[in-house]
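Have a look at the structure below, then the notes.
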Amino acid sequence: YQRRVHGDSSLIRQSAITMLLGCLLLLAALAAAAPAPVTPAQCNTQICRLFRIMDRDGSGFIESPELIQYLDAINSRMGSDHVDGIADLMKALDQDGNPGLSLQDFFIAFPRISGSLAEGTSPDMVHLSFNNEWTPNVVVMWVTGDATATTTVKYGTSAVSLDQRMFGDTHTYHAGGWKGIIHEATFPPLQPKTKYYYQVGDEFGGWSAVFAFTTPPPAGTIGKDPQVFGIFGDMGTAIPLGYKVCEQMEADNKNTPFDALLHVGDIAYASVAMTDTASPIKDSGDGEVELIWDLWEKQVEPLAANIPYITGVGNHERFYNFSAYFNRFRNPAPWGGDPAHLDEAVFWFGLDYGLAHFTFMSTEHPYNPGSAQYAWLEQELAAVNRTRTPWLVLTGHRPMYSSDVSEKDSHWPGAAFQMTIEPLMIKYKIDMYVCGHMHMYERVNPVINGTVKETGNIYRSPGAPVHVVQGTSGVFEDMKFVEPQPAWSAVRTGKLGYGRMHVHNTTHLFYEFMYMQTNRAEDSFWIVK
């Protein structure tokens, strides 16, 4: 600087002081123009209310003990002894370096769900499903805060020409104090294996973004590409890491598009026996926080608005007589029911998709011989056309075989589930059973009553189903495994991610567990007929 000024020292000092004052004035102006950070008490969006639920002492920061208390409340079974896992989670979410997690950390880590959801008449939480078993019709649902004049869907085969319209109906529910309007509309029969674009809303209330989905192929056909299904259970939302597994699936969908997503129970983990005050609520069976359902639906919208998202039932959906589950989703008949008449509700259904048939049973409701579900299950399995859909996959929430310690007696040869349902699986030649509940991945070799029929990574006409425990899509715990590892347990890990099933043709099916941290297959296997 002195070499450039070529003046006396007083001029140099004066110039330096002037520059410093200018910088300070600029910094002051920028600080004054920047909005002050929002505090939890000033914010009433769903993410802020979730933050207050977790910030038990109202300090404005979530500390490790508070995070453990929250995880215990959603039954993640982490426990205070799992210090490393808690520390890793805190470190992953901490964006500003302050001790504990701040609301700003939440805003940065979870940008999609940080704003107000379902306000006014703007469409939000858009998602697709199917409502017919043998020839699936696509149904779309969304939420608005207030009622709109119509429930309208504009659609077509071009994103710039949504030249067809259809109309639907609305309903609501009030369990847990939830307020909002749920819209539902079913597309008419569409051309198979065709990409459709659509937009939901109302002329006066506003429209959603334009989404797109591809219709299923005719049952018994596949087209030129393998059919790809994402399969997972036990997700949750911002805390623990369901949000991150969703991001993983969104990225993967760009390279390997999913035909459908199958969620095998324990969906949003809204079952938090706590409120946004400092006083926990004892879990009397209705300890559910409905705003967590809103956050979860917004979290999965980039997936579920573009890919049919099928939802089986788990134990964490039971609150308020399954009100959120029955009102927020739609599945093929005979599924459905009125929470006010729960004894008449049906939690099971089947679905044809290309070369595969998926049968969703409920492990949360009676399945013993003589029960309504057992009678339906045997009739359902017998009705599957194995010429048209040679691959038969059974899903439920709880495992039949799993080498976890915590619920070993329920997931072991000789337990009631295995003794009751496995004979049907063998009789009707089920190829796979996929479940969740245990927050782990475990591949179980083809097995009958604990006796292994085949091992390895390629199962050739094994004569018994392969079991996959895929409770890995967000909620985690400190898993403890039975030692020594049973012969029927091929692979087991507590890592997070999701399952991806590729139906290549009538004789080859490939399955892989996609690990979230590396986004590579942690385990994979083939079934060859």
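Starting from 1, each residue takes its place in the sequence as its number. The basis for the numbers below is simple: all heavy atoms, side chains too, and nothing from hydrogens, waters or symmetry mates.
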Original post:
Quick one: does NZ or CZ of Arg388 land under 6.0 Å from the six-membered ring centre of Trp134, within 45 degrees of the ring axis?
Top reply: no
Subject >> Stacked cation flag Arg500 on Phe232, 6.0 angstrom / 45 deg >> reply: no
Subject >> More than 12 heavy atoms from other groups under 6.0 Å of CZ on Phe204 >> reply: no
**OP:** Taking the side chain as every heavy atom from C-beta outward, state whether Phe106 and Gln104 have any pair of such atoms under 4.5 Å apart.
**Re:** no
Subject >> Trace of the side-chain contact (heavy atoms from CB on, under 4.5 Å) decision for His397 with Asn315 >> reply: CA-CA 8 Å; His397 180 58; Asn315 55 298; 3.0 Å; yes
**OP:** Decide yes or no on side-chain contact (heavy atoms from CB on, under 4.5 Å) for Leu303 and Glu301, but give the supporting numbers first.
**Re:** CA-CA 5 Å; Leu303 293 166; Glu301 186 181 65; over 6 Å; no
Original post:
Is Asp163 atom CG crowded by more than 12 heavy atoms from other residues, nucleotides or ligands, each under 6.0 Å away?
Top reply: yes
Original post:
Is Thr194 reaching over with its side chain to a backbone N or O of Pro192, donor-acceptor style, under 3.5 angstrom?
Top reply: yes
Subject >> CZ-CG distance between Phe229 and Leu262, expressed to the nearest 0.5 angstrom >> reply: 7.0 Å
**OP:** Answer yes or no: is there a donor N or O on one side and an acceptor on the other, between the side chain of Glu317 and the main chain of Ile267, under 3.5 Å?
**Re:** yes
Subject >> side chain to side chain donor-acceptor pair (under 3.5 Å) partners of Thr150, counting only residues at least two apart >> reply: Thr152, Asp202
Original post:
Going through the checks in order, is the side-chain hydrogen bond (donor to acceptor under 3.5 Å, both in side chains) test met by Gln199 and Ser208?
Top reply: CA-CA 6 Å; Gln199 194 174 34; Ser208 70; 5.2 Å; no
Subject >> Smallest separation among heavy atoms of Gly354 and Pro217, with atom names >> reply: CA-CG, 3.9 Å
Original post:
Quick one: do Lys193 and Asp259 make a salt bridge, cutoff under 4.0 Å?
Top reply: yes
